[in-house]
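So the structure is just underneath, and the comments pick up after that.
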Amino acid sequence: MMHVFNRLTGKKEIFKSLVPNQVGMYICGMTVQDSPHIGHMRSFVTADIMRRYLEFRGSRVHHVQNFTDIDDKIIKRANDERVPYTTVADRYIREYFDVAEKLNLLRAHVYPKATEEIDAIIELIQKIIENGYGYEVDGDVFFSVEKFPKYGELSGRKTDELLTGTRFKVDPKKQSPLDFALWKSTKLNEPSWDSPFGKGRPGWHIECSAMAMKYLGETLDMHGGGLDLIFPHHENEKAQAESATGVPFVKYWVESGLLNIGGEKMSKSLGNFSPMNELLNSFSANEIRFFLISHHYRSPLEYNNERLTEAKQAFSRIENCVRNAYFYISRNGEKLEIENPEIDRIKPNNLEDFIQAMDNDFNTAIALSHIFDLVKETNIAIQSSNPAPAILEMTDSLMVMCTLLGFRFEAPRRQDPTDNIFNRMVDKTLEWRQMLRKEKNWAMADRIRDDLTSLGLIIEDHPKGSTWKWTK
RNA sequence: GGCGGCAUGGCCAAGUGGUAAGGCAGGGGUCUGCAAAAUCCUUAUCCCCGGUUCAAAUCCGGGUGCCGCCUCCA
């Protein structure tokens with residue numbers, strides 16, 4: 001049975017979707033004003049793992065992740081660059097997909113964009129006004145927070161406390177400082193759309209309420225995104241949706257913890273981030289993913305080079321095991337056909353432990369510890385020359401877990417013919433070296449190994465031959 | 001000022017009542033022609049004080065320190 005921590009109640013709850021085995025999941029995507037960084041990716045990797053695991057547990061997940069492609073900063077950037085706002089938005093949307101692909105994030109089923117959903121947004125605003133929660137002033141439309149008594153339910157704020165905390169200039173058009181814009185009337189040099197309230201553009205929060213409900217219905221099973229969105233974004237989304245429909249907007253709120261750098265939150269506004277693309281030059285997708293999921297998804301996570309290097313080392317343990325296991329199987333494959341009663345005894349139960357960990361609010365840290373347990377068992381099994389089928393069984397189990405966590409291993413041989421030639425050349429070289437070793441020509445054998453190392457290939461010798469991997 | 005979170009071995013990090021997962025780093029051993037990989041051994045009364053309990057890292061109260069949100073942000 002799966003348990004999920006629900007922000008709304010502040011408790012771990014048994015996970016039960018509205019419709020059995022069908023999960024509607026909305027993830028707040030990026031406001032495409034700049035390049036994605038590892039902080040963004042933390043929340044998307046978290047969502048990715050939730051989705052993979054729910055699917056593994058037998059649910060069909062309908063995954064919607066938006067792009068907010070119109071907002072103040074996008075407009076500003078476009079004006080600075082003297083290009084249409086779409087140029088800016090499209091650029092960063094492309095960058096997002098590029099990085100997402102590299103990180104092995106499963107593609108959402110729908111990626112709605114705010115500017116392509118204006119009709120749904122207008123319709124929702126009208127509904128809110130009709131129900132008495134919104135009001136129009138000179139082409140602007142605001143949400144009246146005091147009309148919605150449940151405001152603050154999600155983020156744990158009280159409206160009177162919020163008022164005392166107000167420390168920014170208040171738009172005089174607002175009836176109350178807490179009210180927020182549903183529709184902003186057009187200004188000079190700004191893109192705008194026609195609406196019953198006049199030309200303008202959607203406010204920040206409304207697009208998510210509109211798109212989420214359009215694609216997933218009035219009540220979603222899960223809604224995720226970064227913890228920094230809880231207030232005001234998610235609180236407002238909830239207020240908008242519920243004031244329009246009268247039913248709960250989201251069953252489980254599953255925000256993920258933030259990523260800090262130097263003790264501070266990494267964010268676009270603080271400027272303390274480097275683009276994900278650059279990070280991917282220094283570390284592999286697997287290593288970055290490992291770093292992100294070796295901590296609980298709801299805790300704050302401190303990012304620095306040392307941590308990443310640590311993750312790299314840790315992950316190489318898994319990689320080495322997989323490579324050595326497949327090598328062992330390939331060299332002892334003839335035994336694969338042999339029926340061996342020992343196999344059942346060796347059959348790992350780590351998968352059950354793994355599932356138990358993941359069932360408990362996606363505890364990837366514990367899940368990883370079970371992966372390491374299996375890695376160790378597999379290494380020992382190889383070292384003590386267990387039959388290949390037993391090793392294969394363990395490796396299969398290991399691969400299931402790794403795949404569930406979104407790790408991707410290079411196929412042993414790629415289809416690319418150049419790669420094939422390269423691989424065959426390395427294999428040949430290792431074969432020759434093996435002959436030299438048989439002749440105890442250590443000087444020559446070591447020289448080949450050293451030369452290959454200087455080219456970036458690390459050679460490891462095993463009883464039945466050698467394996468190689470890239471230095472990174 | 002308000003709200004919320006966190007404090008576990010050298011470092012990172014799980015663990016919410018029954019006596020401390022896992023990883024990284026260090027030291028020592030085994031294996032190996034050597035190296036690498038692997039493997040074995042090795043380091044914790046869980047921030048402090050008080051309380052509840054047969055039993056607390058885990059619950060309650062107080063204290064100290066750090067962080068996030070309250071303004072655009074995944």
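In what follows, every heavy atom counts, from backbone to side chain, and hydrogens, waters and symmetry copies are set aside. Reminder, nothing fancy here: chain letters follow the sequence lines and each chain counts from 1.
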## Note on the structure
Protein-proximity profile, nucleotides 31-36 of chain B, B/S/- by nucleotide at the 4.0 Å heavy-atom cutoff, equals --BBBB
### Query
Expressed as a whole number of Å, how far does the C1' atom of rU8(B) sit from that of rG23(B)?
15 Å
### Message
Give the dot-bracket line for RNA chain B from 5' end to 3' end: parentheses for intra-strand Watson-Crick or G-U pairs under 3.5 Å, square brackets for crossings, | for inter-strand pairing, dots for unpaired.
### Response
((((((((.[[[..)..(...]]].(((((.......)))))....[[[[[..)....]]]]])))))))....
### Task
Would you indicate what G225(A) reaches in the nucleic acid, counting non-hydrogen atoms under 4.0 angstrom: base, sugar-phosphate, or nothing?
sugar-phosphate
### Task
Provide the distance between the two C1' atoms, one in rU30(B) and one in rC34(B), to the nearest whole Å.
16 Å
## Note on the structure
Reading nucleotides 24-29 of chain B from 5' to 3' and marking B where a protein heavy atom lies under 4.0 Å of the base, S where only the sugar-phosphate is that close, and - otherwise, the string is SS----
## Note on the structure
When every non-hydrogen atom of L405(A) is compared with those of R289(A), the smallest separation belongs to O-NH1, 2.8 Å
### Separation between the C1' atoms of rU58(B) and rG26(B), rounded to whole Å
31 Å
### Query
Within the side chain of T364(A), is there an N or O that forms a donor-acceptor pair under 3.5 Å with the backbone of I293(A)?
yes
### Query
Across the strands shown, which category fits T31(A) at heavy-atom distances under 4.0 angstrom: base, sugar-phosphate, nothing?
sugar-phosphate
### Query
P atom, rG61(B) versus rU52(B): distance in rounded Å?
15 Å
### Message
Does any part of the side chain of V88(A), heavy atoms only, come nearer than 4.5 Å to the side chain of V83(A), both counted from C-beta?
### Response
yes
### Task
Give R307(A) one of three labels, base, sugar-phosphate or nothing, depending on what nucleic acid heavy atoms sit under 4.0 Å from its own.
sugar-phosphate
### Task
Indicate the atoms forming the closest heavy-atom contact of Y96(A) with Y111(A), along with that distance.
CE2-CE2, 4.4 Å
### Query
So, D98(A) and R94(A), do they make that salt bridge, N to O below 4.0 Å?
no
### Task
Would you kindly check if the NZ (Lys) or CZ (Arg) of R42(A) is within the cone defined by 45 degrees around the ring axis of F291(A) and under 6.0 Å from the six-membered ring centre?
no
### Task
Kindly say whether F44(A) contributes a backbone atom to a donor-acceptor pair with the side chain of D48(A) at under 3.5 angstrom?
no
### Task
Between rA7(B) and rA14(B), how far apart are the C1' atoms? Round to whole Å, please.
15 Å
### Query
On a whole-Å scale, what distance lies between the C1' atoms belonging to rC66(B) and rC72(B)?
25 Å
## Note on the structure
Closest to the side chain of Q33(A), out of rC72(B), rA37(B), rA21(B), is rC72(B)
### Message
I'd like the P distance from rG65(B) over to rA57(B), given in whole Å.
### Response
25 Å
#### Entry: Non-hydrogen atoms of I318(A) and I371(A) that approach each other most closely
CD1-CG2, 3.8 Å
### Task
Classify the nucleic acid contact of G29(A) as base, sugar-phosphate or nothing, counting any heavy atom under 4.0 Å across all strands shown.
sugar-phosphate
### Task
Give a yes or no on whether a salt bridge exists between E153(A) and K238(A), defined as a side-chain N under 4.0 angstrom from a carboxylate O.
yes
### Task
For R408(A), look at atom CZ and say whether over 12 heavy atoms of other residues, nucleotides or ligands are found less than 6.0 Å away.
yes
### Query
Do the two ring centres, one from F315(A) and one from F407(A), sit under 6.0 Å apart?
yes
### Task
Pick base, sugar-phosphate or nothing for M41(A), based on heavy-atom distances below 4.0 Å to the nucleic acid.
nothing
### Query
If you look at every strand shown and take non-hydrogen atoms under 4.0 Å, does D72(A) touch a base, only sugar-phosphate, or nothing?
nothing
### Query
Is K376(A) touching bases, backbone alone, or none of the nucleic acid, heavy atoms closer than 4.0 Å?
sugar-phosphate
### Query
For I380(A), which contact category applies under a 4.0 Å heavy-atom criterion: base, sugar-phosphate, or nothing?
sugar-phosphate
### Task
For L259(A), answer base if it contacts any base atom (sugar-phosphate contacts may also be present), sugar-phosphate if it contacts only those atoms, and nothing otherwise; contact means non-hydrogen atoms under 4.0 Å.
base
### Query
So, the side chain of N66(A) versus the backbone of C208(A): is there a donor-acceptor pair under 3.5 Å, distance only?
no
